[in-house]
Amino acid sequence: MATKYVNAVISEEQNENSLPVLDGTLGPSAVDIQTLYARHSLLAFDPGFRSTAACKSAITFVDGDKGILLYRGYPIEELAESSSFVEVAYLLMFGDLPTPAQRQQFDLAIGNHNLLHEQVLSFYRGFRRDAHPMAVMVGVVGALSAFYHDVMNIRDANDRQLAAIRLVAKMPMLAAASYTYSVGRPQRYPNNKHDYATNFLQMMFGTPVQEFAVDPVLARALDVIFILHADHEQNASTSTVRLAASSGANPFACIAAGIASLWGPAHGGANEAVLKMLMEIGSVENIPKVIDRAKDKNDSFRLMGFGHRIYKNFDPRSRVIQGQAKKVLAHLGKDDPLLEIAMRLEEIALKDEYFIERKLYPNVDFYSGILLRAMGFPMNMFTAVFAVARTAGWVSHWLELQEESHGIDRPRQLYVGKTLRHYPGGK
Ligand code: CMC
């Protein structure tokens with residue numbers, strides 16, 4: 001059968017075949033194909049969603065060609081420089097920076113909900129001690145839906161807001177407990193005299209038997225990591241949360257689905273994979289071999305922390321993280337040879353034709369592992385830290401989706417299986 005083509009012409013004239021073009025406030029316009037099937041019995045085919053805007057959103061804007069990332073219109077560099085994670089969480093959730101009174105109320109709400117139900121802590125004992133923290137987090141966040149299900153009505157805006165705040169507030173203790181359980185240490189509680197990042201650090205590394213003084217430089221670095229990872233528009237995990245939420249599912253279960261999606265090495269799991277790769281490289285002399293492997297089409301190896309579906313330029317977050325990594329290492333008087341390997345690897349890759357042609361640049365995960373390691377985080381907690389931060393974005397998208405009325409998300413498919421056939425011997 002000869003291949004057929006749809007020849008679309010973009011014009012200002014409307015006829016019976018016309019599909020409207022929708023303009024956003026920034027970024028590419030989108031052809032509204034919602035009536036395509038009803039009118040033409042045709043589906044749009046876009047596996048991997050390379051050309052599909054799955055929703056309208058007013059939260060985050062990414063211009064991958066220019067390397068721009070805005071949260072509610074504010075450049076990520078400005079927020080990383082001057083804001084705090086809790087303020088950014090408020091901005092993402094509610095659309096504007098809080099007034100001092102709103103901020104105070106938000107802090108109070110976070111402080112009221114940052115404890116885990118004591119019964120939740122007993123769940124951890126059911127996991128193997130060597131379980132990956134992300135596996136534990138998928139389970140425990142999903143299990144929270146059993147605690148907050150019948151008591152909440154997702155049709156009620158106040159209940160929805162409370163669920164979103166609970167998730168952001170509880171995530172540090174939940175993530176910290178997945179680590180302390182694995183090392184057999186009793187879990188510390190949050191203390192409302194501390195800010196969000198300081199609380200996370202004291203719950204991760206402190207013990208209940210003595211005061212734990214958190215280094216403010218490390219707390220600020222962690223807050224910056226949280227800000228940078230808080231949202232990134234319709235990435236795999238956020239889209240997973242939206243898809244799960246479109247059925248009206250419990251928000252804790254939706255966020256657990258997002259955590260599962262984030263764990264993969266092509267997404268949030270890359271920060272752990274980058275560090276493993278840098279350790280395997282071991283020294284600057286071995287970089288050319290690794291570059292050759294990354295370019296070899298017969299080798300499945302990829303340069304971890306490089307490339308991005310959207311950024312075809314520098315990921316603005318990678319520059320900020322590199323700066324923080326240098327700052328923290330200098331502050332601690334540490335000299336991490338992996339930083340030198342990473343910087344040299346970046347330099348060599350950015351001059352290599354293969355990476356230039358494909359517009360592959362370092363992404364947010366390239367330096368974050370070095371920074372987290374310098375701060376004392378074990379490697380298997382890297383993606384868990386990402387999950388704590390991204391919860392702010394996930395709940396913001398969850399809140400935004402609840403205001404829409406497009407019903408359940410139900411992608412279609414191009415069926416390529418067997419045509420009708422009959423069971424042997426059947427009637
Ligand atoms: N190393 C070597 N080659 C690469 C890499 C890489 N890291 N990334 C892409 N390519 C090549 C790929 O082989 C392909 O080559 P060709 O055109 O010859 O077939 C071309 O570049 C385009 O790749 P793609 O797979 O179509 O790109 P994508 O948009 O589907 O994938 C990605 C994006 C992030 C999954 C990919 O770049 C990758 O696997 N990177 C390494 C993992 C990583 O760092 N992930 C973190 C992403 S940022 C944080 C987050 O989202 O959570």
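A quick note: this is a predicted structure, and the numbers were derived from the prediction, not measured. Keep in mind that the numbers below use all heavy atoms, side chains included, and drop hydrogens, waters and symmetry copies. We count ligands from 1, going down the list as the structure has it; atoms in each ligand are counted the same way. When a residue number appears, it is its place in the shown sequence, counting from 1.
Screening residues 242-262 for ring-ring contact (aromatic ring centres under 6.0 Å, His included), with sequence neighbours left out, gives Tyr148-Phe252.
For Tyr311 and Tyr361, the ring centers are positioned 6.0 Å apart or more. The distance between the ring centers of Phe306 and Phe366 falls below 6.0 angstrom. For Phe377 and Phe382, the gap between ring centers reaches or exceeds 6.0 Å. For an aromatic pair to be called close, the ring centres must be under 6.0 Å apart, and His232 with His308 satisfies this.
For ligand 1, the 4.0 Å heavy-atom shell takes in Arg50, Pro265, Ala266, His267, Gly268, Ala270, Ala294, Lys297, Arg302, Leu303, Met304, Gly305, Phe306, Gly307, His308, Arg309, Tyr354, Arg358, Leu360, Asn363, Val364, Asp365, Phe386, ordered by chain and residue number.
With respect to the salt-bridge test (charged N to carboxylate O, under 4.0 angstrom), the residues Asp223 and Arg220 qualify.
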